[in-house]
Participant: 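Quick one: the structure is below, and I'll ask about it shortly.
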2 protein chains.
Amino acid sequence: MKKTIYDVAREANVSIATVSKVINNTGRIGEKTRQRVLQVMKELDYQPSLVASALTGKSTYSIGLLIPDLANPFFAELARSIEDRGHELGYSIVMCSTDYRPEKESKYISLLKQKSVDGFILASGFQNDAVIRDLLNLKIPIAVLARDVSTVSVDTVTVDDFIGGYNATQHLLDLGHQQIGAIQLDLEVGRERTRGYRHALQENGLEYDEKYVLFGPSSVEGGKQMGLKMLQAAERPTAIFAGNDLVAIGIIQAARELGLSIPDDVSVVGYDNTILAAISNPPLTTVAQPFHDMGRQVMDLLIEEIKGEKKGKKRVVMLPELCVRESTKRIRK
Amino acid sequence: MKKTIYDVAREANVSIATVSKVINNTGRIGEKTRQRVLQVMKELDYQPSLVASALTGKSTYSIGLLIPDLANPFFAELARSIEDRGHELGYSIVMCSTDYRPEKESKYISLLKQKSVDGFILASGFQNDAVIRDLLNLKIPIAVLARDVSTVSVDTVTVDDFIGGYNATQHLLDLGHQQIGAIQLDLEVGRERTRGYRHALQENGLEYDEKYVLFGPSSVEGGKQMGLKMLQAAERPTAIFAGNDLVAIGIIQAARELGLSIPDDVSVVGYDNTILAAISNPPLTTVAQPFHDMGRQVMDLLIEEIKGEKKGKKRVVMLPELCVRESTKRIRK
DNA sequence: TTGAAAGCGCTAACAT
DNA sequence: ATGTTAGCGCTTTCAA
């Protein structure tokens with residue numbers, strides 16, 4: 001049978017209240033009793049039940065993480081950094097991959113609410129503000145990652161996608177490209193990056209041309225399909241700004257299949273700077289997101305919120321950084 | 001305030017016992033009352049507290065997953081498949097990356113024991129049988145993944161590493177290679193794969209030569225270092241069997257740095273068939289592990305164990321499959 | 001068919 | 001400094 005606080009109390013000849021106090025370092029306990037209790041706890045290998053203590057209104061020390069897809073290297077790295085920071089702070093992470101599906105998102109949230117997690121990190125791409133508002137109304141702490149929820153007052157960590165798109169495009173422009181395509185994610189982040197792309201274009205006196213812009217899923221296969229489509233068009237671009245590294249790699253595969261060389265015939269910029277970018281062939285020029293800091297930041301924000309140490313909400317915006325490798329090149333005459 | 005079973009009972013003019021019964025579909029309840037209770041539950045948007053019900057001895061419906069490193073694509077995919085199957089079966093997954101560190105492993109296990117998880121999946125490379133025995137003694141259900149614990153009776157899902165090593169090496173032998181190096185993980189799995197490697201060599205009348213065998217960490221950087229070492233040696237091998245795809249990529253980078261061409265000067269075989277293998281340059285010949293099935297299988301085993309539907313323990317062994325791409329080639333004369 | 005009541009293991013007033 | 005006791009929200013006999 002598992003040991004309970006009663007076992008310890010009996011063995012140490014004290015009341016359960018006393019044991020509880022030494023466990024939690026509350027109230028005043030004589031040094032001798034404290035030592036005796038500690039001793040007995042050790043002897044019995046007693047571990048207080050967190051579910052019992054949670055029932056009395058204390059924390060469960062677990063937090064729910066909703067993320068699109070653990071199998072995507074970017075999110076895996078992000079999840080890892082969140083997990084690490086969480087554990088440092090004494091919290092366990094319950095992982096939920098949502099596949100960008102609203103139903104899954106709602107389902108997991110309601111499940112984890114029943115489990116009384118102390119809070120949520122919403123790193124899921126999709127989010128109808130309704131679920132966020134719902135959580136907020138219930139006073140359940142949340143922190144939102146990588147998604148700007150401008151209409152709700154909530155702790156947020158984002159990377160400026162507009163700048164990311166702008167920088168990627170500007171880099172291509174600097175290399176002399178004039179026909180620049182964009183194959184972006186069919187998600188909020190994709191639109192925002194596309195805004196940056198558009199802005200850079202216009203700043204350089206170039207038209208935003210819809211035939212050069214495609215939206216699709218976050219996958220190598222998706223990138224390849226869209227890449228084929230764009231590269232086989234009558235006027236093909238000399239450079240493409242991809243939604244993320246996965247998509248960029250798909251585009252490279254498409255180019256290869258069409259006998260086009262990267263970066264000689266077409267330059268490609270990725271996004272996220274995952275391990276894929278470093279090992280792809282050629283190595284990918286990509287927009288790096290500081291996932292390590294991002295994970296740490298959201299976690300810290302959330303914990304502050306949980307501990308009630310905060311007055312208002314915070315909105316942390318980090319900046320992406322262009323990481324130039326070999327998939328982009330000055331355009332040939 | 002969060003609704004409790006009392007709110008529902010009051011509103012529906014029944015006792016909490018009745019409400020409990022309709023929630024759990026136990027006992028006998030009149031159809032009319034049941035409907036009324038259900039109705040009230042809906043109106044109040046009542047969600048039973050799982051922590052309270054866990055305290056009364058029922059399941060927490062969460063299981064702990066110990067895995068070396070979520071940021072490694074192989075484990076990320078594995079984790080994802082485990083998570084999916086878990087959710088299908090109604091369980092949440094608490095993720096813990098151990099970095100192959102025994103202290104972390106123990107720490108997380110003891111933490112999750114306090115949280116009363118229903119069981120553990122141990123996919124962590126490291127494992128002293130002691131922690132497994134401990135869990136077993138406490139009657140806590142566990143299932144072990146990708147690690148053969150031959151001295152303990154426990155549910156296990158493994159992929160035959162000996163065969164994997166054998167096949168990889170045989171493939172290289174078939175291509176005419178005679179000087180075959182091995183840069184393997186400094187872990188149990190690495191030793192086992194090396195056994196397979198050795199066996200293949202000897203079966204072909206070749207000596208097992210220690211200077212051709214190196215053990216190192218699971219990382220691109222590690223692979224690169226060891227690769228440099230091995231490829232700069234007096235007699236360098238014409239082919240290398242790598243510990244996993246990460247290491248293989250490191251070796252390719254090392255080769256490139258030395259001006260050696262893959263696969264013309266040296267062939268490389270990876271392990272795991274992660275996304276990295278598909279996109280690396282050149283695409284990696286690698287030993288594929290069926291991570292999707294692996295995840296599903298352990299989860300199923302664990303759940304059976306938790307539900308007590310099983311008589312004895314099971315040991316499931318899956319087979320790896322060589323996946324030939326372009327990093328291996330027949331040796332030149 | 002329904003309800004009263006005794007826990008589950010722990011915390012936190014409130015007494016002593 | 002330590003103990004008594006009333007919950008926390010739910011499940012489960014056992015009565016009614």
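No hydrogens, no waters, no symmetry mates; every other heavy atom, side chains included, goes into these values.
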Participant: Using five base pairs at each end to define the local axes, how bent is the helix from dT1(C)-dA16(D) to dT16(C)-dA1(D), to the nearest 10°?
Facilitator: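 Taking the rotation axis at each end, their angle is 40°.
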Participant: Fit a plane to each ring of Tyr61(B) and Tyr91(B), take the angle between them on a 0 to 90° scale, and name the class: parallel (under 30°), tilted (30 to 60°) or perpendicular (over 60°).
Facilitator: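 Ring orientation of Tyr61(B) relative to Tyr91(B): tilted.
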Participant: Reckon Tyr46(A) has a side-chain N or O less than 4.0 Å from the OP1 or OP2 of dC10(C)?
Facilitator: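 Checking Tyr46(A) against dC10(C): at least one side-chain N or O falls below 4.0 Å of OP1 or OP2.
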Participant: Is there a donor on the side chain of Lys21(A) or the base of dG3(D) sitting less than 3.5 Å from an acceptor on the other?
Facilitator: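 Pair found.
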Participant: Distance alone, cut at 3.5 Å: any donor-acceptor contact between the side chains of Ser53(A) and Thr56(A)?
Facilitator: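 No, no side-chain donor-acceptor pair sits under 3.5 Å.
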Participant: Using whole Å, what does the distance between atom C1' of nucleotide dT2(C) and atom CD of Gln35(B) come to?
Facilitator: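 These atoms are roughly 17 Å apart.
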Participant: Where the side chain of Thr18(A) is concerned, which of dG3(C), dG3(D), dC10(C) is the nearest nucleotide?
Facilitator: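 The answer is dG3(D), which lies nearest to the side chain.
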Participant: Of Leu55(B) and Asn13(B), whose nearest nucleotide on DNA chain C comes first from the 5' end?
Facilitator: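 With Leu55(B) and Asn13(B) compared, the 5'-side residue is Asn13(B).
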Participant: Closer to the 5' end of DNA chain D via nearest nucleotide, is it Lys3(B) or Ser15(A)?
Facilitator: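 Here Ser15(A) is the residue nearer the 5' end.
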Participant: Mind jotting down which residue pairs meet the salt bridge (Lys or Arg N to Asp or Glu O under 4.0 Å) criterion with at least one end in residues 72-88 of chain A? Sequence neighbours excluded, please.
Facilitator: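 Non-adjacent pairs meeting salt bridge (Lys or Arg N to Asp or Glu O under 4.0 Å): Arg80(A)-Asp84(A), Arg80(A)-Asp69(B), Arg80(A)-Asp99(B), Arg85(A)-Glu88(A), Arg85(A)-Asp300(A).
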Participant: What's Gly30(B) touching, base or sugar-phosphate or nothing? Going by heavy atoms closer than 4.0 Å.
Facilitator: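 Gly30(B): backbone/sugar contact only, no base atoms under 4.0 Å.
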Participant: Check whether any side-chain heavy atom of Leu111(B) lies under 4.5 Å from a side-chain heavy atom of Ser92(A), and answer yes or no.
Facilitator: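 They are in side-chain contact.
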Participant: Picking from dT11(D), dT11(C), dT1(C), which would you name as closest to the side chain of Thr33(B)?
Facilitator: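 Given the options dT11(D), dT11(C), dT1(C), the side chain of Thr33(B) is closest to dT1(C).
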Participant: For Val14(B), answer base if it contacts any base atom (sugar-phosphate contacts may also be present), sugar-phosphate if it contacts only those atoms, and nothing otherwise; contact means non-hydrogen atoms under 4.0 Å.
Facilitator: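 Since only primed, P, OP1 and OP2 atoms lie under 4.0 Å of Val14(B), the category is sugar-phosphate.
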Participant: Roughly, in whole Å, what's the span from CZ in Arg10(A) to P in dG3(D)?
Facilitator: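 My rounded result for the distance is 14 Å.
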Participant: Run the side-chain contact (heavy atoms from CB on, under 4.5 Å) test on Ile132(B) and Ile142(B) for me, step by step, so that the C-alpha distance in whole Å, both residues' side-chain angles and the decisive distance to 0.1 Å come before the verdict.
Facilitator: CA-CA 8 Å; Ile132(B) 297 188; Ile142(B) 62 180; 3.5 Å; yes
Participant: For the side chain of Ile29(A), counting heavy atoms from C-beta on, which of dC8(D), dG3(C), dT2(D) is nearest?
Facilitator: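 So the side chain of Ile29(A) is nearest to dT2(D).
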Participant: Which of the following nucleotides, dT5(D), dG9(C), dC10(D), is nearest to the side chain of Ile5(B)?
Facilitator: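 Selected nucleotide: dC10(D).
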Participant: Please determine, by modelled atom types, if Gln35(A) and Glu31(A) share a side-chain donor-acceptor pair under 3.5 angstrom.
Facilitator: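 Per modelled atom types, Gln35(A) and Glu31(A) side chains form a pair under 3.5 Å.
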Participant: Could you check which of dC8(D), dT12(D), dG3(D) has an atom nearest any side-chain atom of Ala17(A)?
Facilitator: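 Side chain of Ala17(A) sits closest to dG3(D).
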Participant: Below 3.5 Å, can you tabulate the donor-acceptor pairs from side chains in residues 5-13 of chain A to any protein atom, sequence neighbours excluded?
Facilitator:
unit_1: Asp7(A); atom_1: OD1; unit_2: Arg10(A); atom_2: NH2; d: 3.3
unit_1: Asp7(A); atom_1: OD2; unit_2: Thr4(A); atom_2: N; d: 2.7

Participant: So what does Ser20(B) hit on the nucleic acid, given a heavy-atom distance under 4.0 Å: a base, only sugar-phosphate, or nothing?
Facilitator: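 The answer is base, as Ser20(B) lies within the cut-off (heavy atoms under 4.0 Å) of a base atom.
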Participant: Give the rounded distance in Å between these two atoms: CZ of Arg28(A) and C1' of dT16(C).
Facilitator: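 So the CZ-C1' distance, Arg28(A) to dT16(C), works out to 16 Å.
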Participant: Compare the minimum distances between each of dA5(C), dC10(C), dG9(D) and the side chain of Ile16(B), then state the nucleotide with the smallest one.
Facilitator: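 Selected nucleotide (nearest to the side chain): dA5(C).
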